[in-house]
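To start, the structure itself, in structure tokens.
Counting starts at 1 for both ligands and their atoms, following the listed order. We're numbering straight along the sequence, starting at 1.
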Amino acid sequence: MGFQEGQEIIDLLPKRIERLAELANNLWWSWDEDGRQVFRSLDYELWRASGHNPVKQLRDIDPAKLDVAAKDPAFIELYDSVISKFDSYMSRQKKDWCGKQVPNDFDGQVAYFSAEYAIHNSLPIYAGGLGVLAGDICKQSSDIGLPLVAVGFMYPQGYFHQHISAEGWQEEVYQQLDFSEAPISPCAWPQGCGPLIAVPLADRQIFLQVWQVRVGRVNLYLLDTNISDNRQEDRGLSARLYTADQEERLRQLIVLGVGGVRALRELRIKPMVWHANEDHTAFMMLERLREECAKGTPLKEAVEKVRQKTVFTTHTPVAAGQHIFPYQLMDRYSRNFWESLGIDREIFLKLGDYSGLDAEKFSLTAFSLRLAGQANAVSKLHGSVARKMWSGLYPGKPIEEIPILSITNGVHSPSWRAAEISKLFEKQIENVASPGEYEELFWKYANDIPDDQFWAVHQLMKNRLIRAIQDRAQLRLVRDGVSTQQVLAMGALLDPYALTIAFTRRFAQYKRPYLILSDSERLKKIVTDPLRPVQIIFGGKSHPADYASKELLKFVYNAALDRRFQGRIAFVEDYDMNLARDLVRGVDVWLNTPRRLQEACGTSGMKASMNGVVNLSVRDGWWDEAYNGLNGWAIDGFKGGNPEDEDKSDADTLYNLLENEIVPLYYEHDRKGIPHHWIQVAKEAIKTINPVFNACRMMKEYVERMYTPVVFPESTYSNPLIEKEHF
Ligand SMILES: *Cc1c(COP(=O)(O)O)cnc(C)c1O
């Protein structure tokens with residue numbers, strides 16, 4: 001399918017612009033403004049109608065338009081300059097590794113495994129922050145020339161689209177992805193290899209086909225079980241992200257880990273570092289352990305060999321977030337592993353054990369920590385939580401010495417920062433040599449940007465956001481005939497001149513979306529003040545099987561329906577990357593209210609700060625290390641007590657900040673309507689967040705602190721864990 005279609009597109013394209021097909025099939029355009037401009041100017045209507053998806057656009061375009069473009073000097077000039085930019089990007093050397101000295105001789109291929117990737121909306125294979133991180137890691141690795149290959153799952157139905165019923169219940173709409181309009185192609189196998197990968201699953205084999213996604217210079221390989229060689233029930237295994245059925249989930253994870261390793265072997269890729277993103281990918285380690293043992297290496301040595309090349313990133317600060325499977329299920333699926341290799345079942349199962357775990361249970365996080373020589377948490381605070389949480393795995397070690405490092409997440413700034421903001425700064429400084437320098441040096445000029453210019457850009461983005469939200473609401477009215485009340489709840493009355501707060505993220509109890517709604521009288525006064533109105537935009541998906549989260553969503557949606565708030569509270573449906581991009585650029589305040597110590601990092605607030613949107617957040621995750629007293633607001637001061645006390649204290653702090661500081665500051669402006677003191681805070685955020693919380697800094701840390709010790713073992717670490725416990 002995809003491939004033939006691709007060929008047809010190439011045949012259709014006039015020779016002069018035939019490389020449009022190649023451009024469309026490399027997601028580089030998704031973060032390069034000029035790359036997008038080519039497709040935008042080719043056919044703007046179709047660009048919008050396709051959801052900014054050039055593959056679909058080229059499939060649907062009227063050939064006559066292509067002929068016109070091929071003869072239009074203005075288009076040709078743009079096309080040529082973008083092709084030349086693309087070629088020079090693709091052939092760039094490693095010289096710009098974040099502009100700093102990363103070991104020159106580092107040449108190891110890094111194999112990165114993740115269950116989800118958020119790269120662009122045309123490839124809906126992500127649910128939230130974990131996927132955004134994985135996508136940003138691919139893009140940033142490409143930018144800095146890090147030789148990374150990524151492995152994941154092709155979910156033909158992806159994550160669901162969200163509708164909210166008139167009563168506020170989430171409805172999940174699954175759409176089958178049309179592969180001919182997705183930026184994927186069948187894997188290009190080396191001569192004589194592929195095209196199928198076999199993975200044993202209990203009593204039978206399951207076969208996978210592999211898709212390839214080009215993310216700049218990084219290749220992402222996606223595994224797909226939907227082929228006729230498989231039984232009907234197996235074909236659907238990769239259909240959806242995060243199935244709720246435990247056994248089905250286990251089967252998915254085995255296919256991802258084992259199938260991923262086998263696919264890389266078949267591709268003749270020889271990774272020097274294996275990086276597991278969260279415990280979803282743990283079976284990648286098991287498969288490599290099997291390979292070692294199959295060579296005759298004794299288990300203990302095999303474990304050591306796997307550890308030497310494995311890096312593991314943990315993302316959850318709560319035990320409930322990890323994958324735990326009963327022995328009975330593990331037996332069913334791992335029996336052929338230990339039986340065929342003559343390994344003692346008890347010893348094997350102990351690899352997933354830790355003190356505090358229920359009997360007869362196997363923890364994938366414990367297994368991953370044992371099989372990875374290097375492990376990290378995703379913010380400084382999360383590091384200290386994780387070291388305590390997993391101390392049972394490292395008996396006798398003082399907490400500070402537990403080998404789980406902290407590498408704070410960062411976001412890929414070209415994807416998340418508005419080009420308009422970057423352009424303001426580019427006017428101030430020329431000759432930036434590398435992306436790393438760019439991220440480090442640029443932002444100190446924030447105070448040189450004239451406030452009126454800064455505010456004009458901000459208002460432009462705010463208008464764009466409100467327009468996008470109202471377009472969505474209008475579409476639902478026209479296409480699906482939702483009620484007027486629902487259209488209002490979806491943000492029809494949003495006002496570009498009101499102070500605008502966003503609370504959009506995955507719906508989870510610990511993130512406490514209810515906090516700002518907890519005192520409705522006090523909130524009503526804040527939002528409906530006629531002179532200083534405030535509006536709040538909510539959004540986010542509940543996991544389809546999480547009933548409590550759906551109840552919470554219903555509660556929030558009902559606030560949006562509540563006439564007392566006069567249309568100042570909105571709930572936007574179907575929160576995704578596309579909407580997130582508009583939101584992090586276009587609101588005034590980014591609100592985050594997790595129960596403290598439960599947000600491992602959080603990245604949406606970084607995206608907001610990069611655009612001069614100010615954070616108002618509990619001091620948790622990344623904000624605990626980013627907040628400096630001037631670059632936003634921190635919800636702090638809880639003195640201890642039970643969760644209800646914490647809610648009360650934090651809600652009170654939140655309302656106080658809004659009433660006494662945030663609203664007054666926002667509405668304090670000069671005669672031209674420029675809020676200079678507010679802009680001061682926004683610029684301070686830009687200045688302090690951009691240089692640190694970007695993916696360039698993050699990848700530099702991964703290379704220096706995690707990958708380099710693996711590639712150069714003389715600088716290696718020692719982790720006596722395995723010997724002490726089990727052998
Ligand atoms: C950035 C992003 C996230 C992560 O947000 P946090 O709540 O800050 O962890 C989730 N979903 C989407 C669509 C995003 O763009």
Side-chain angles (χ1 to χ4, degrees), residues 30-31 51 114-137 139-140 158-162 241-242 277-278 313 315-318 321 377-379 381-382 408-418 465 468 472 502-513 515 537-543 549 572-587 589-595 598-611 613 615-626 632 689 693-695 698:
S30 73
W31 71 92
S114 176
E116 46 174 306
Y117 291 88
I119 294 166
H120 185 260
N121 257 13
S122 52
L123 201 57
I125 54 170
Y126 65 92
L130 185 82
V132 173
L133 177 78
D136 282 2
I137 281 180
K139 292 171 180 176
Q140 194 68 52
Y159 206 47
F160 64 92
H161 290 281
Q162 177 195 55
L241 192 56
Y242 301 147
N277 189 33
E278 193 47 295
T313 302
H315 289 263
T316 82
V318 285
V378 290
S379 71
L381 192 57
H382 177 219
T408 304
N409 289 340
V411 295
H412 182 244
S413 40
S415 295
W416 296 105
R417 189 169 56 225
L465 164 71
R472 281 190 178 210
F503 186 103
T504 53
R505 44 182 40 84
R506 212 161 39 76
F507 260 70
Q509 204 76 28
Y510 81 85
K511 292 185 183 253
R512 299 190 296 178
L515 201 73
I537 303 173
F538 283 99
K541 293 176 181 175
S542 292
H543 187 282
S549 157
V572 290
E573 293 178 321
D574 207 25
Y575 180 55
D576 62 7
M577 275 183 94
N578 210 3
L579 192 57
R581 258 159 65 110
D582 285 336
L583 281 160
V584 298
R585 295 166 181 190
V587 299
V589 173
W590 198 258
L591 176 66
N592 192 16
T593 53
R595 193 174 297 292
Q598 300 208 7
E599 181 89 297
C601 180
T603 51
S604 58
M606 301 172 186
K607 305 168 192 165
S609 280
M610 284 188 165
N611 287 292
V613 168
N615 272 274
L616 163 59
S617 170
V618 170
R619 285 195 75 140
D620 201 10
W622 80 287
W623 190 235
D624 186 59
E625 61 198 90
I689 307 303
F693 297 93
N694 63 73
M698 169 179 69

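Note on ring orientation: taking the six-membered ring where Trp is involved, the planes of H412 and W31 are perpendicular (angle over 60°, cut-offs 30° and 60°).
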Legend entry - Worked check of side chain to side chain contact (heavy atoms under 4.5 Å, CB included) between K541 and F507: CA-CA 6 Å; K541 293 176 181 175; F507 260 70; over 6 Å; no
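Closest protein heavy atom to atom 10 (C) of ligand 1: G129 N, 3.5 Å. Shortest contact from atom 15 (O) of ligand 1 to any protein heavy atom: K607 NZ, 2.6 Å. Regarding atom 7 (O) of ligand 1, its nearest protein heavy-atom neighbour is K511 NZ, 3.3 Å. Counting protein heavy atoms only, atom 6 (P) of ligand 1 is closest to S604 OG, 3.5 Å.
Of the possible donor and acceptor atoms, none in the side chain of D620 sits under 3.5 Å from a partner among the backbone N and O of A600.
Considering each of W622, W590, Y575, the one bringing a non-hydrogen atom nearest atom 12 (C) of ligand 1 is Y575.
Smallest separation of non-hydrogen atoms from L133 and G410: CD1-O, 4.4 Å. Between G540 and Q162, the closest heavy-atom pair is O-NE2, 2.8 Å.
When each atom of ligand 1 is checked for a heavy atom of D576 under 4.0 Å away, the hits are 13 (C). Close approach of ligand 1 to G128 is summarised as follows: ligand atoms under 4.0 Å from at least one heavy atom of the residue are 10 (C), 11 (N). Set against the non-hydrogen atoms of G602, the atoms of ligand 1 under 4.0 Å away are 8 (O), 9 (O).
Within the model, atoms CE of M610 and CZ of R585 stand 11.5 Å from one another, a figure rounded to the nearest 0.5 Å.
Residue T603 has at least one N or O atom closer than 3.5 Å to an N or O atom of ligand 1.
In this structure, the ring of F503 has its center less than 6.0 angstrom from the ring center of F538.
For W416, every heavy-atom contact with ligand 1 shorter than 4.0 Å involves the side chain, none the backbone. Contact annotation for V132 and ligand 1: only side-chain heavy atoms (C-beta onward) come within less than 4.0 Å of the ligand.
A salt bridge is absent between E573 and R472; no separation between the charged side-chain nitrogens and carboxylate oxygens falls under 4.0 Å.
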